[in-house]
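Letters A, B, ... are given to chains in the order of the sequence lines, protein chains preceding strands, and every chain is numbered from 1. Reckoned from all heavy atoms, side chains included, excluding hydrogens, waters and symmetry mates.
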There are 2 protein chains.
Amino acid sequence: MHHAMNLRELSHILGLSQTTVSRALNGYPEVSEATRIRVQTAAIAHNYRPNARAQGLATGRARAIAHVLPMSSGHEVLNPVFAEFIGGAGEVYARADYDMLLSIVPADQEITAYRTLAARRSVDGVMVHAPLVEDRRIALLSELGLPFVVHGRSGSDGPPYAWLDMNNRRAFARGTAHLLDLGHLRIALLNGLERMDFALRRKQGYLDALAARGIAADPALHDSAEMSEDYGFEAASRMLALPNPPTAFLTSSLIVAIGARRACQDRGLVLGRDISIVTHDDDLGYFRNGRDTPYFTALRSPMREHGRRAAEMLLAQIVDPGPAPRQQLLEAEFLTGQSCGPAPGP
Amino acid sequence: MHHAMNLRELSHILGLSQTTVSRALNGYPEVSEATRIRVQTAAIAHNYRPNARAQGLATGRARAIAHVLPMSSGHEVLNPVFAEFIGGAGEVYARADYDMLLSIVPADQEITAYRTLAARRSVDGVMVHAPLVEDRRIALLSELGLPFVVHGRSGSDGPPYAWLDMNNRRAFARGTAHLLDLGHLRIALLNGLERMDFALRRKQGYLDALAARGIAADPALHDSAEMSEDYGFEAASRMLALPNPPTAFLTSSLIVAIGARRACQDRGLVLGRDISIVTHDDDLGYFRNGRDTPYFTALRSPMREHGRRAAEMLLAQIVDPGPAPRQQLLEAEFLTGQSCGPAPGP
DNA sequence: ACAGAATTCCAAACCGCTTTGGAAAGCTTT
DNA sequence: AAAGCTTTCCAAAGCGGTTTGGAATTCTGT
């Protein structure tokens, strides 16, 4: 275990001042090319890297981004969707030499967590995950003057802010329309929690498509909960046991679809013949919708790519806070799989 | 947007020196209780929190832990198992007022990433994920003098280091024995990548149990790959198509088991009657093995809890580097589900 | 050969905190 | 009232970088 080399020591070794060494390493023009090379090779040879905290203190920039994940007493911490998004964002940060700070805080301390982040100057920016229909974080962060990007949106009013979202409403309208085109009339929606902004928009899309064909939505065919395999299984089982069961499901995630599939299979229903499923697909690395050809007919929206783009937006905003906040609305890709077929005859 | 309050300003407001204010806030005894209260209320009123980088620079401690996740060109970044572990660790860090630094780096730059972390003094400790059978990181971190805890183990030789692992070998021996007890003779193993230490140990456990009954392992009933749903599906499908197919599967994760289940169901086999599955279960929040009663017969090893414990080990080691590195070997819990039955007669 | 410009380097201030070594003030003792 | 303790506070020196304002040196042009 050797002590860490620091700037003073390195400059002593080189017989130069700290100023010159610092400038040589940071690419300032006031230093001759010869000394720059000499300094750089010495830095590598002695394994010198500037102390992150000293550098941060001097420059006033943390070169770090925070992702705050609320942890309710339940289990919804780092779900696979967050994980994939964070993976994408992390790639971008790594390339740009930014650190990622992951804060996992009890849900009721989330606001405090943001305030602390700002007051302590721990990070240069914040990524906001999973916005609610009404989300206080957006106003808070604007007030704190901390650059941020929201993955998703929240409501529709208020001053503009930077966000990146998929067009949930259109995607779910499209999925519903696809099932309607196949003749399905009893289409069930297994949605996420509808205090989440994205889930509400998805429901609106579903209702839009039904309304466009003059079909009344049946409340018995609509459920909303945290997305998990057994939620999909239980909700689908319950609906299939109705006197007038659905002939198709629209699910809000692949995991829910898998649960729904299990429910169908348990009742001996064959997917694509007796029953149809259209699902949203976040394109998770560890849970793919089929290897090469899609298994479920799906609306795909690649989370990893969302993470990359959102991170790039945030970094750009930090480097140049000037321009008005940007927005990106991405369309989901429609994938035809093997999980859909025409509505079975009566 | 207001500027951040700092110590100097706060001390001016209070008419005290920075020293006194700092000591009042950090609980030193040299300050009267009256001024301490006066200082504390003023700090809250003016929303003062010490600048993280200045504090770190002065104390020499970062109050941060790094988790480095290698990102190969494939997709194995933040898999759900990592995510769950990190969630558990993050809870502990938050309670202890530590930050979590998540570094996502290209796999070939992982060693550099650790060196940089050490040289820049970015963190006080490191968590090592997913150790390989031969893992260079352990020697490197020892050499760098950076406290670390390994989640898992690597090989068996070399100087001791801190780790937390489940008893993979015993767990898989037990799972195999359970199937043997049910009369199964053709038991397939769908393992993870066997350059990972945990996967090799699991294979050993499987072989142990077979050997204990004098049964030769059939290479056709053994596969190993990155754990995903479609790997489970494809490997199981392939094996079921053999002239002499397996009557039971032992899978290395719930996700693989779900894929295997799909393969069985596609061939019309009923789980627990025609075919049995025993799986390892990491007890992931978002992918539970049944809601209240287990669906799959499983060896459960709660990842979240692993994360908590490993984080506690690491923090303890940072606070007091004195004692010899600790190790924790946890036993998996055996859960009886509905996925197993006696071997079908010939 | 010399003034003036350009190049190359450095001493010192600063970022915001902690912590050391006293100093000043308040209380007992004798 | 002086001496000796506590109690309470402060000035100043780090921590390890970046950056400003000059100074010393070398390079031009005449």
Side-chain angles (χ1 to χ4, degrees), chain A residues 3-40 42-43 46-64 97 99 116-124, chain B residues 3-40 42-43 46-64 97 99 116-124:
Chain A
H3 70 280
M5 169 72 48
N6 62 17
L7 188 63
R8 179 172 44 184
E9 220 170 312
L10 185 65
S11 57
H12 278 167
I13 291 173
L14 285 161
L16 293 173
S17 77
Q18 296 191 30
T19 313
T20 306
V21 174
S22 173
R23 288 194 157 150
L25 293 174
N26 292 324
Y28 281 70
E30 300 94 330
V31 59
S32 73
E33 212 44 42
T35 38
R36 180 185 313 268
I37 287 170
R38 202 162 71 87
V39 169
Q40 280 170 341
H46 295 86
N47 194 37
Y48 169 77
R49 249 86 121 222
N51 179 302
R53 290 187 298 285
Q55 196 171 43
L57 184 56
T59 58
R61 324 226 286 104
R63 290 199 84 83
D97 263 322
D99 288 329
T116 302
L117 242 25
R120 303 203 72 193
R121 303 254 126 135
S122 305
V123 294
D124 300 324
Chain B
H3 71 280
M5 170 72 49
N6 62 15
L7 189 63
R8 180 174 42 188
E9 219 170 313
L10 185 64
S11 58
H12 277 167
I13 292 173
L14 284 161
L16 293 173
S17 77
Q18 295 192 30
T19 311
T20 305
V21 175
S22 173
R23 289 196 155 147
L25 293 173
N26 292 325
Y28 281 70
E30 300 92 331
V31 58
S32 73
E33 212 44 43
T35 39
R36 179 181 315 251
I37 287 171
R38 202 163 70 88
V39 169
Q40 280 170 343
H46 294 87
N47 195 37
Y48 168 77
R49 249 85 121 222
N51 178 301
R53 289 187 298 284
Q55 197 171 42
L57 185 57
T59 58
R61 324 225 287 103
R63 289 199 85 83
D97 264 323
D99 287 329
T116 303
L117 241 26
R120 304 202 75 196
R121 303 255 128 136
S122 305
V123 294
D124 299 325

Novice: Over how many whole Å does the gap from Leu16(B) atom CG to dA11(D) atom C1' extend?
Specialist: 14 Å
Novice: Using a 4.0 Å heavy-atom cut-off to protein, can you give one letter per nucleotide of nucleotides 21-28 of chain D, 5' to 3': B if the base is in contact, S if only the sugar-phosphate is, - if neither?
Specialist: B-------
Novice: By salt bridge (charged side-chain N to carboxylate O under 4.0 Å, His left out), which residues pair with Arg61(A), not counting sequence neighbours?
Specialist: Asp124(A)
Novice: Rounded to whole angstrom units, what separation is found between the CZ atom of Arg8(A) and the P atom of dG17(D)?
Specialist: 10 Å
Novice: What residues form a side chain to side chain contact (heavy atoms under 4.5 Å, CB included) with Ser122(B), not counting sequence neighbours?
Specialist: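 If we apply the side chain to side chain contact (heavy atoms under 4.5 Å, CB included) test to Ser122(B), skipping adjacent residues, the hits are Ala52(A), Leu101(B), Leu117(B), Arg120(B).
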Novice: Could you state the atom-to-atom distance from CZ of Arg120(A) to C1' of dC17(C) in whole Å?
Specialist: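 For the pair Arg120(A) CZ and dC17(C) C1', the rounded distance is 10 Å.
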Novice: Rounded to the Å, how far apart are Gln18(A) CD and dT8(C) P?
Specialist: 21 Å
Novice: Is there a side-chain polar atom (N or O) of Gln55(B) under 4.0 Å from OP1 or OP2 of dT18(C)?
Specialist: yes
Novice: Arg49(A) has an atom CZ; how far is it from atom C1' of dG16(D), in whole Å?
Specialist: 16 Å
Novice: Which atom pair, heavy atoms only, marks the closest approach of Gln55(B) to Pro50(B)?
Specialist: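 Taking Gln55(B) first and Pro50(B) second, the nearest heavy atoms are NE2-CG, 3.6 Å.
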Novice: From the list dC10(C), dC17(C), dT18(D), which nucleotide is the closest neighbour of the side chain of Ala58(A)?
Specialist: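 That would be dT18(D).
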Novice: With sequence neighbours left out, what residues match Thr19(B) under side chain to side chain donor-acceptor pair (under 3.5 Å)?
Specialist: none
Novice: Expressed as a whole number of angstroms, how long is the span from Arg63(B):CZ to dC17(C):P?
Specialist: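 One finds 16 Å between P of dC17(C) and CZ of Arg63(B), rounded.
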Novice: Quick one: side chain to side chain donor-acceptor pair (under 3.5 Å) partners of Ser11(B), sequence neighbours excluded?
Specialist: none
Novice: Has Thr20(A) got a side-chain N or O lying under 4.0 Å from the OP1 or OP2 atom of dC9(C)?
Specialist: no
Novice: Suppose we screen for salt bridge (charged side-chain N to carboxylate O under 4.0 Å, His left out). Which residues come up paired with Arg36(B), at least two apart in sequence or across chains?
Specialist: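 In terms of salt bridge (charged side-chain N to carboxylate O under 4.0 Å, His left out), with neighbours along the sequence ignored, Arg36(B) is linked to Glu33(B).
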Novice: Taking only residues two or more places apart in sequence or in another chain, which ones pass side chain to side chain contact (heavy atoms under 4.5 Å, CB included) with His46(B)?
Specialist: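 Once residues adjacent in sequence are excluded, the partners of His46(B) under the side chain to side chain contact (heavy atoms under 4.5 Å, CB included) criterion are Met5(B), Leu10(B), Ile13(B), Ala42(B).
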Novice: For the helix from dA1(C)-dT30(D) to dT30(C)-dA1(D), what is the angle between the axes at its two ends, each from 5 pairs, rounded to 10°?
Specialist: 50°
Novice: Of all residues at least two apart in sequence or in a different chain, which pass the side chain to side chain contact (heavy atoms under 4.5 Å, CB included) check with Ala54(B)?
Specialist: Leu57(A), Asn51(B)
Novice: Send over the distance from Asn51(B) CG to dG16(C) C1', rounded to a whole Å.
Specialist: 6 Å
Novice: Under the rule for salt bridge (charged side-chain N to carboxylate O under 4.0 Å, His left out), what residues qualify as partners of Arg49(A), not counting sequence neighbours?
Specialist: none
Novice: Using a cut-off of less than 4.0 Å, is there contact between a side-chain N or O of Tyr48(B) and OP1 or OP2 of dC17(C)?
Specialist: yes
Novice: If I take atom CE in residue Met5(B) and atom P in nucleotide dG16(C), what distance separates them, rounded to the nearest angstrom?
Specialist: 12 Å
Novice: Under 4.0 Å from OP1 or OP2 of dG17(D): is there any side-chain N or O of Arg121(B) that close?
Specialist: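 Looking at the OP1 and OP2 atoms of dG17(D), neither is under 4.0 Å from any side-chain N or O of Arg121(B).
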Novice: So, using side chain to side chain contact (heavy atoms under 4.5 Å, CB included) as the criterion, who are the partners of Arg8(A) when residues are at least two apart?
Specialist: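 Checked Arg8(A) against side chain to side chain contact (heavy atoms under 4.5 Å, CB included); matches are Asn6(A), His12(A), Gln18(A).
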Novice: Using only atom types and a distance under 3.5 Å, with no angle test, would you say the side chain of Arg121(B) pairs donor to acceptor with the backbone of Arg53(A)?
Specialist: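 No; zero donor-acceptor contacts below 3.5 Å.
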Novice: Look at Ser22(B) and dT18(C) and indicate whether a side-chain polar atom (N or O) is within less than 4.0 Å of OP1 or OP2.
Specialist: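 For Ser22(B), the contact criterion (side-chain N or O under 4.0 Å from OP1 or OP2 of dT18(C)) is met.
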Novice: Please give me every residue in residues 27-39 of chain B whose heavy atoms get under 4.0 Å of an atom in DNA chain C, ordered by residue number.
Specialist: Tyr28(B)
Novice: Is it true that a side-chain atom of Arg63(A) and a backbone atom of Asp97(A) form a donor plus acceptor pair closer than 3.5 Å?
Specialist: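 Here the side-chain-to-backbone pair exists.
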Novice: Within the pair Asn6(B) and dC15(C), is there a side-chain N or O less than 4.0 Å away from OP1 or OP2?
Specialist: no
